[in-house]
Structures are given as C-alpha cells and as structure tokens.
Asker: 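Just passing along the structure, written as structure tokens.
In what follows, chains are A, B, ... by sequence order, proteins preceding strands, each numbered from 1.
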Number of protein chains: 2
Amino acid sequence: MSLRHAVLGLIAEMDGASGYDLLKMFEISLGNVWPARQSQLYGELGKLSDAGLIEVADEGPRGRKAYRITDSGRAELRHWLVDVPPKGNRKDETLLRVFFLGLVEPEEVQRFMRGQVAGLGRYLDELGTLEKGIDWGEDDLSVYGRLVIEYGKRYAAMRRDWFEWAAHEIDSLDDRAHRPKRPGQEQPGEERPGG
Amino acid sequence: MSLRHAVLGLIAEMDGASGYDLLKMFEISLGNVWPARQSQLYGELGKLSDAGLIEVADEGPRGRKAYRITDSGRAELRHWLVDVPPKGNRKDETLLRVFFLGLVEPEEVQRFMRGQVAGLGRYLDELGTLEKGIDWGEDDLSVYGRLVIEYGKRYAAMRRDWFEWAAHEIDSLDDRAHRPKRPGQEQPGEERPGG
DNA sequence: GAATTCATGTAAGATGTTACATGATTAG
DNA sequence: CTAATCATGTAACATCTTACATGAATTC
C-alpha cells in the first residue's frame, strides 16, 4: 500500500494541495520513485478521505479541493516511516532480458548492450541538466529530492558500467565458443582478418 | 506483459519443464529480476497455451505437463527481445520514504539510514555465499545468471555507499539547522556535551 | 471567443497477491 | 504408513493502466 503513503506524505509536506497539485508533483518528482496516474491518484484521495487520514480543508474554484492531513493520518504516516521495513522491488525488465540473451545472435546481443550503455549515458546527461535547471529550495521535498537525484546519477552510472563490462564478458565467451583454438595455435597461412 | 515473456523464455531454455519446474526457477533465479507467484504462473501457462505460443509436449505422473515452445512462441520471444525496448521500473519504496524523512526526528532518520546500510551489507555477504554455493554450468541460464549476480553485487554496493553518504549529508544539514553558529564562535563556558 | 490550463471523476480491463483446495507419488 | 515433495488449479481481492467524460477559469 505504498501509493497510499506516497499521497499521504505529499499532503503532509504540501498542506492545502489539490489532487491536481499532487499530480504535478508525481510527474516531476515523486513519480521517479513511485509513479501514479491521475485516475489512481483521485481514487486514492477518496479512500484516504473515507479512512479519515486526510480531509478537505477548503473548496476553491472549479471544484478544487484543498486537502489537509489529519492527526490520524500523521500517525499512520509516521508508523509507516519508522516501523514498517520497506520492501525492495525486484522487477527489472531489462535484466530479465539479459537472462534470455543466449537465444539471439551475438550481433543482436551486442546491439542490445550498446543500446543500454548509450541510453544510460543520455539519461545521465539529462539528470545533470535537470539538476542545474531546478532552483532548489530549503524545504524538505527539495532537500531530500536533491539526495535522490544524486542516487539517480549513481544508479545510472553503475548500470552503464555494468552493461559495458557485461558486453565484454559475453563477447569473450562467444569468442571461446566459436573459435575454440588457443592463441598461438593457428594453422600457418590462416590469418585473422583485420589483425 | 513481461511475465508472459519471462515464462516463454524459461520454457525456451528449459525444454520439457513443468509449471512446477518453472516455479522453482522463479524462486531461485529469475524471480530476482521478475517475481511470480504460483497462481500467476499457472494462469500464464494457460494463456500461453491458448495463444499457441507453447504446447504440452508430454504428460507425466501426478498430472505433470511438460511444456515446449512452439515456432510462433519462439518468434514472439525473439521479437520481444530484439524489437521491443525494455521499460525501466521506477518503483522504489525505500527511496519513496527518503522523500518524507523530513517528517520524523533526526534520530529516526539516522536509524533508518543505518538500517539500510547494515541490511545491504548483509545482502552483499549473502550474494557472495550464494555465488560460491552454486555450481555454475555452461548453459545460457548459468552464464547470464552469473552476470546478473555481479549486477546484484554492484547494485547493493552502490546503494550501501549512497545511504552512507546521504546519512552524512542529512546529518550536516541537521547540524546547520539546529546549531546555526559557526565553529569557533561558541560562547566561553558553553561546552558541548560529550565533547 | 478560442485555446489552454485547471480540476475532478468513472469504467473496463490487465496484472499481481493471498488464500483455498485437491490429490498423486516418493522417501524414510 | 507417514511425511515430504510433486503437481495443478480456482476465487477473491488489491493494484495499476488506458480510456472516456465533463466542465470551469484563465490567457491570448
């Protein structure tokens, strides 16, 4: 039930925010660690309200509802933060593919690996630009958001390096499989192309 | 629809496997990058069969069904592997909490961060033990599985280092907020406890 | 006054979790 | 003969995605 706590936490930090406001935060910031669509968000706001963890503090133009966290909501959020150990998410579609790379030709494998390296390089550039572009405040969301950006950079760099390393590993594995002769044992007159 | 392809890929690599066999592979290996419960797996096998991507090659004792990938299944798997760019999963419950760490006391924050560092250290040890314990074969699943273990180690080490770094960052941020005086400006006679 | 942004909501369907249910075969 | 393992399935429920639907207020 993390979406519940993501929404609860956002409302705690952004008192008086509307669903629309929260949605923008998900898009630009929180969504990087816990994405949510509009329909899911409004649904969750309804449930949170019914459960008495948040309440409508004010209604504005266009049916705008300004939410506020209740005492019971704050207690629930605190409980989640300090007492409930987070569970790691193991899903990684990219690594899932790595398991099956033996089913396609070596050229496709290398294309895949190089694609990942390049993509992660671009992503790292984007993160750098993003970080410079935001004018970071001193509010909690900014302070901790900045730490998470640093995490994103380290994560992307680690993956890029791993994909580079793994591509080499696979390459030398392929070499051994297709040219099992040890170096120095070539037949005379049999020259390597491009050597 | 990644579960579909995870199952399809496993059957491609483990010809003649039963749902039960596949389930064990999810538990010990594939589940680290794409988890699946028993009920989900059997459901998916049914759908895959209906779609003609796999077929029952043989029936054994206790109603055991030995599955085999079909040509159309192999084509679908290949298509997924080379033509469909994998999408990254952004969900990270632990980092989600980091966003809201400003809502609890500094002591709780440090407890949380230290807990993460310790947990990741233990996990790294486990991975090392696991790696030594397995007798790695030369089959695809072993070869690529070994690469993924290395990924797991780098991932855990990166996270551990980040949590250590972030804990220090937060600590010095707290210092600035609660003791805004610069060092060397203390009043005479005002001593720090525990100094 | 037209386009954009603000603002909320619902419905259908896919995906995933927890729990229940059953029974055959093998190992000790 | 008892326990463990092998083996498959279903039902209820929670979560998440995609698409539809509507309209008020603001900006140009």
Side-chain angles (χ1 to χ4, degrees), chain A residues 1-8 10-11 14 16-28 30-51 54-67 80 84 87-93 96, chain B residues 1-8 10-11 14 16-28 30-51 54-67 80 86-93 96:
Chain A
M1 288 200 313
S2 288
L3 176 63
R4 180 170 200 149
H5 298 105
V7 175
L8 203 49
L10 263 189
I11 293 173
M14 305 167 61
S18 65
Y20 191 84
D21 294 334
L22 299 172
L23 188 60
K24 278 185 297 184
M25 280 309 285
F26 270 98
E27 279 162 5
I28 64 172
L30 248 211
N32 289 305
V33 299
W34 204 273
R37 302 305 180 109
Q38 187 255 73
S39 65
Q40 224 192 333
L41 177 55
Y42 281 104
E44 200 58 52
L45 285 170
K47 287 182 217 162
L48 243 14
S49 249
D50 291 348
I54 60 174
E55 61 193 7
V56 176
D58 196 18
E59 303 218 18
R62 282 165 294 200
R64 181 181 200 276
K65 294 176 183 172
Y67 286 99
W80 175 75
V84 184
K87 62 182 187 48
N89 190 18
R90 284 127 81 222
K91 275 187 190 170
D92 190 323
E93 208 192 294
L96 174 60
Chain B
M1 285 198 314
S2 287
L3 176 63
R4 181 171 200 148
H5 298 104
V7 175
L8 203 49
L10 262 190
I11 293 173
M14 304 168 62
S18 65
Y20 191 83
D21 295 334
L22 298 173
L23 188 60
K24 276 184 300 185
M25 280 309 286
F26 270 98
E27 279 163 4
I28 64 173
L30 249 211
N32 289 304
V33 298
W34 203 272
R37 301 308 180 108
Q38 187 254 67
S39 66
Q40 225 192 332
L41 177 55
Y42 282 104
E44 199 58 50
L45 285 169
K47 287 183 215 160
L48 243 14
S49 249
D50 291 348
I54 60 174
E55 61 191 7
V56 176
D58 197 16
E59 303 218 17
R62 282 166 291 199
R64 182 182 199 275
K65 295 177 183 172
Y67 287 99
W80 175 73
K87 60 181 189 42
N89 191 12
R90 285 128 79 222
K91 274 186 192 172
D92 191 323
E93 209 191 294
L96 173 61

Asker: Output the rounded distance in Å from CD (A/E59) to C1' (D/dG23).
Answerer: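 Taking CD of A/E59 and C1' of D/dG23, I get 16 Å after rounding.
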Asker: For A/L23 and D/dC16, give me the distance from atom CG to atom P, rounded to whole Å.
Answerer: 15 Å
Asker: Is there side-chain contact between A/L45 and A/L22, with heavy atoms separated by less than 4.5 Å?
Answerer: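 In contact.
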Asker: Looking at B/Q38 and D/dT8, is any side-chain donor or acceptor paired with a base atom of the opposite kind under 3.5 Å?
Answerer: yes
Asker: Is there a side-chain contact between B/I54 and B/E44, using heavy atoms and a 4.5 Å cut-off?
Answerer: no
Asker: Ignoring the backbone of B/S18, work out which of D/dC16, C/dT17, D/dT8 is nearest its side chain.
Answerer: D/dT8
Asker: Measure from CZ on A/R62 to P on C/dT5 and round the result to the nearest Å.
Answerer: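 In whole Å, C/dT5 P lies 12 Å from A/R62 CZ.
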Asker: Would you mind reading off the distance between A/N89 atom CG and D/dT15 atom C1', rounded to a whole angstrom?
Answerer: 13 Å
Asker: To the nearest 0.5 Å, tell me how far A/M25 CE sits from A/I11 CD1.
Answerer: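 A/M25 CE to A/I11 CD1: 12.5 Å, rounded to 0.5 Å.
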Asker: Within the structure provided, determine whether B/D92 and B/L96 are in side-chain contact (heavy-atom separation under 4.5 Å).
Answerer: no
Asker: Can you tell me which nucleotide in D/dT10, C/dT10, D/dT15 comes closest to the side chain of A/S39?
Answerer: C/dT10
Asker: Distance check needed: C/dA19 P versus B/L41 CG, whole Å only.
Answerer: 19 Å
Asker: Between atom CZ in B/F26 and atom P in C/dT15, what is the gap in whole Å?
Answerer: 14 Å
Asker: Between A/K91 and C/dG16, is there a contact of a side-chain N or O with OP1 or OP2 at under 4.0 Å?
Answerer: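 Affirmative; the distance criterion is met.
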Asker: Between C1' on C/dT15 and CZ on A/R37, what's the gap in Å once rounded to a whole number?
Answerer: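 The answer, rounded to whole Å, is 14 Å.
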Asker: Taking OP1 and OP2 of D/dG9, is either one under 4.0 Å from a side-chain nitrogen or oxygen of B/Y42?
Answerer: no
Asker: Please check the phosphate of C/dA7 (OP1 and OP2 only) for any side-chain N or O of A/R64 closer than 4.0 Å.
Answerer: yes
Asker: Rounding to an integer number of Å, can you tell me how far B/Y20 OH sits from C/dT25 P?
Answerer: 15 Å
Asker: Can you tell which of D/dC16, D/dG9, D/dT15 lies closest to the side chain of A/L3?
Answerer: D/dC16
Asker: Would you kindly compare A/P61 and A/W34 by the position of their nearest DNA chain D nucleotide and give the one closer to the 5′ end?
Answerer: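 Counting from the 5' end, the first nearest nucleotide belongs to A/W34.
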Asker: For A/Q40 and D/dT17, is the shortest distance between a side-chain N/O and OP1 or OP2 below 4.0 Å?
Answerer: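 For A/Q40, the contact criterion (side-chain N or O under 4.0 Å from OP1 or OP2 of D/dT17) is met.
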Asker: Does any part of the side chain of A/F26, heavy atoms only, come nearer than 4.5 Å to the side chain of A/L10, both counted from C-beta?
Answerer: yes
Asker: Nearest to the B/K65 side chain among D/dT8, C/dT25, D/dT17, which nucleotide is it?
Answerer: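 Per side-chain heavy atoms of B/K65, the pick is D/dT8.
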